Amino acid sequence: MYDAVKEYYGRTLKSTQDLKTTACCEAADVPGWLKPLLGQIHPEVEARYYGCGLVCPSLLEGCRVLDLGCGSGRDVYALAQLVGAEGEVVGVDMTAEQLEVAERHRAFHAERFGFANVSFREGYIERLDELDLEPSSFDVVVSNCVVNLSPDKEAVFRGVHRYLKRGGEFYFSDVYADRRLPDVLRSDPVLYGECLGGALYWNDFLRLARDNAFADPRLVSARPIDVSDARLAERLGAARFFSATYRLFKIDDLE
């Protein structure tokens with residue numbers, strides 16, 4: 001599935017217009033306070049955005065933030081403005097083509113913001129220990145429509161827990177299903193790339209949070225996803241999908 005996701009996001013998709021669902025946020029869904037920040041972001045970075053929610057907590061001045069599955073960097077560059085010159089944002093992604101877009105416009109954003117406070121790492125969100133990151137060093141970890149693409153979600157949650165400070169916040173948007181999907185759907189490359197095949201079942205998400213010492217998941221927002229491609233909708237049958245943003249808090253060290 002790693003190769004399928006890299007192919008889909010690195011070569012198949014050229015912009016959000018190529019997606020076959022309404023998973024990506026509409027412009028109308030963006031809160032007013034965030035729009036000026038997005039207006040500062042390079043158009044190519046914005047065009048390669050595939051997120052499904054809002055992962056920009058508003059009070060981040062001076063914080064250190066880790067973005068899992070940062071893609072071309074839209075959220076990284078939005079967060080960079082919120083953390084300010086005293087903060088830092090680190091983006092991680094496994095797709096070289098996406099990171100190339102993010103890196104190509106790093107100087108553009110530094111000049112526009114008046115400071116340089118971002119960096120990018122190529123790697124897997126399940127293997128953060130390979131990326132020379134310091135454990136318990138991030139105030140906030142964010143992720144936008146990426147956990148569903150991971151074949152090892154348990155490892156993602158363990159990694160987030162390891163790199164968050166105690167009391168730190170995991171703030172992420174993702175796609176959820178109202179049931180567990182059969183293997184034939186979970187292994188379909190297009191359904192997986194569209195964030196449906198690997199979507200978390202609600203109850204499985206709650207178990208992952210509990211098992212990895214995160215406190216009381218707080219639902220920030222949720223909306224249904226429309227599968228606009230008729231062939232995909234027929235394959236999925238009665239399954240229904242939702243985009244939701246959650247906040248989790250690290251409360252304890254894992255045993």
Side-chain angles (χ1 to χ4, degrees), residues 1-26 29 48-55 68-71 92-95 97-98 124-127 142-160 170 172-212 217 219-246 248:
M1 298 314 297
Y2 287 129
D3 291 339
V5 172
K6 285 183 179 181
E7 177 69 24
Y8 204 69
Y9 284 88
R11 300 182 182 88
T12 301
L13 298 180
K14 301 303 181 184
S15 76
T16 54
Q17 303 305 313
D18 297 327
L19 291 167
K20 297 176 175 60
T21 74
T22 61
C24 280
C25 289
E26 299 290 339
D29 297 329
R48 296 289 293 261
Y49 167 71
Y50 305 117
C52 62
L54 172 66
V55 291
L68 302 183
C70 66
V92 173
D93 204 273
M94 69 176 183
T95 307
E97 292 87 349
Q98 289 277 74
Y124 297 91
I125 64 173
E126 305 89 348
R127 306 177 197 168
V142 303
S143 184
N144 198 335
C145 208
V146 175
V147 175
N148 73 86
L149 296 173
S150 171
D152 190 351
K153 297 172 177 59
E154 184 83 40
V156 175
F157 275 75
R158 285 198 308 269
V160 171
F170 185 22
F172 73 110
S173 296
D174 223 295
V175 176
Y176 298 83
D178 66 349
R179 66 199 69 200
R180 294 189 181 98
L181 301 178
D183 289 343
V184 66
L185 298 181
R186 295 179 63 84
S187 62
D188 182 280
V190 174
L191 289 176
Y192 210 92
E194 289 284 332
C195 301
L196 304 178
L200 280 162
Y201 172 48
W202 292 104
N203 289 342
D204 290 338
F205 158 68
L206 296 174
R207 177 188 59 78
L208 282 171
R210 181 182 64 249
D211 290 351
N212 287 277
L219 182 64
V220 177
S221 64
R223 63 182 177 85
I225 292 174
D226 176 45
V227 181
S228 52
D229 185 288
R231 289 173 298 178
L232 294 187
E234 183 178 5
R235 291 203 64 197
L236 291 166
R240 295 294 175 264
F241 299 87
F242 302 84
S243 169
T245 299
Y246 271 99
L248 307 178

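Being a predicted model, the structure only gives us computed values, none of them experimental. Side chains included, hydrogens not; waters and symmetry mates left out as well; all remaining heavy atoms used.
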If every non-hydrogen atom of [X] is compared with every non-hydrogen atom of [Y], which pair is closest and at what distance?
X: P217; Y: L206; result: CG-CD2, 4.0 Å
X: P224; Y: F242; result: CA-CD2, 3.7 Å
X: K153; Y: V147; result: CE-O, 3.4 Å

Within-4.5 Å side-chain heavy-atom neighbours: [X] and [Y]:
X: D229; Y: E194; answer: no
X: L219; Y: Y246; answer: yes
X: C145; Y: S173; answer: no

Between [X] (side chain only) and [Y] (backbone N and O only), is there a donor and an acceptor less than 3.5 Å apart?
X: N148; Y: A199; answer: no
X: R240; Y: A238; answer: yes
X: S143; Y: L68; answer: yes

Rounded to the nearest 0.5 Å, what's the gap from [atom1] on [X] to [atom2] on [Y]? Could you check?
X: L191; Y: L236; atom1: CG; atom2: CG; result: 5.0 Å
X: L232; Y: L196; atom1: CG; atom2: CG; result: 7.5 Å
X: M94; Y: E126; atom1: CE; atom2: CD; result: 7.5 Å
X: E97; Y: R48; atom1: CD; atom2: CZ; result: 8.0 Å
X: Y192; Y: L181; atom1: OH; atom2: CG; result: 11.0 Å
X: C70; Y: N144; atom1: SG; atom2: CG; result: 11.0 Å

* Please work out which of the three classes, parallel, tilted or perpendicular, describes the rings of F157 and F172, given edges at 30° and 60°. => perpendicular
* Asked: Is the gap between the ring centers of F205 and Y176 under 6.0 Å?
  -> yes
* Apply the side chain to side chain contact (heavy atoms under 4.5 Å, CB included) test between L208 and each candidate in L248, L200, N203; give the one that qualifies. =>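 Option passing the side chain to side chain contact (heavy atoms under 4.5 Å, CB included) with L208: L200.
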